Amino acid sequence: MPAVVNEAECTGCKSCEETCPTSAIAVNEASIAKVKDEECIDCNACADACSSQAITMG
Ligand code: SF4
Ligand code: SF4
């Protein structure tokens, strides 16, 4: 299942965006990380990189 962002916990730090091997996650203009489900390969790298624990694997 693709990564899921808990938007209330996301600080917009971009660690996930910089870590994702497929560019499936990116911080939007509202400083919230958004996942393109169809591009996510479920690798967990973004969740590991998120110091706010804002990402879980759905
Ligand atoms: S690493 Fe976590 S806190 Fe930082 S932008 Fe991504 S989801 Fe948000
Ligand atoms: S689980 Fe992997 S592929 Fe999916 S958004 Fe996170 S880093 Fe990218």
Side-chain angles (χ1 to χ4, degrees):
M1 295 288 285
V4 176
V5 177
N6 178 345
E7 297 187 358
E9 299 294 328
C10 178
T11 65
C13 73
K14 295 195 176 183
S15 291
C16 53
E17 182 177 314
E18 291 163 1
T19 303
C20 179
T22 66
S23 301
I25 189 165
V27 174
N28 70 8
E29 59 282 352
S31 294
I32 300 292
K34 295 287 186 181
V35 179
K36 294 178 192 169
D37 290 356
E38 67 279 10
E39 295 178 17
C40 177
I41 59 171
D42 309 350
C43 72
N44 207 57
C46 55
D48 286 344
C50 181
S51 57
S52 300
Q53 280 87 49
I55 303 175
T56 54
M57 299 308 297

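Here the structure is a predicted model, which means the values were calculated and not measured. Below, all heavy atoms of this structure are taken into account, side chains as well, without hydrogens, waters or symmetry copies. First listed ligand is number 1; within each ligand, the first listed atom is number 1. Counting from 1, the numbers follow the sequence of the chain as shown.
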Exercise for review: Indicate, as side chain, backbone, both or neither, the part of Asn44 found under 4.0 angstrom from ligand 2 when only non-hydrogen atoms are considered.
Suggested key: backbone

Distance-only criterion, 3.5 Å: show the donor-acceptor pairs between side-chain atoms of residues 40-58 and protein atoms not counting sequence neighbours.
residue	atom	partner	partner atom	Å
Asp42	OD2	Met1	N	3.0
Asn44	ND2	Asp48	OD1	3.3

Check your understanding: If you leave out waters, which protein N, O or S atoms are less than 2.8 Å from atom 4 (Fe) of ligand 1?
Key -> Cys13 SG

**Study point:** ligand 2-proximal atoms of Ile41, by part, heavy-atom distance under 4.0 Å
**Key:** both

Check your understanding: Who's the nearest protein heavy-atom neighbour of atom 6 (Fe) of ligand 2, and how far?
Key -> Cys46 SG, 2.3 Å

Review point. If you count the atoms of ligand 2 from 1 in the order shown, which ones are under 4.0 Å from a heavy atom of Thr22?
Key: 3 (S)

Check your understanding: Is the closest heavy-atom distance from Lys36 to ligand 2 below 4.0 Å?
Key -> no

Check your understanding: Looking at Cys40, which atoms of ligand 2 are within less than 4.0 Å of one of its heavy atoms?
Key -> 1 (S), 3 (S), 4 (Fe), 5 (S)

Study note, to complete from the structure: Here the atoms of ligand 1 under 4.0 Å from any heavy atom belonging to Ile55 are 7 (S)

Review point. So, Glu17 side chain and Ile25 main chain: donor-acceptor pair closer than 3.5 Å or not?
Key: no

**Study point:** Numbered atoms and elements of ligand 2 in range of Cys43, under 4.0 angstrom, heavy atoms
**Key:** 1 (S), 2 (Fe), 3 (S), 7 (S)

Point to revise | Where Glu39 and Ser23 come nearest, the two heavy atoms and their spacing | key: OE1-O, 3.7 Å

Review point. Of all the atoms in ligand 2, which lie at a distance below 4.0 Å from a heavy atom belonging to Cys20?
Key: 3 (S), 5 (S), 7 (S), 8 (Fe)

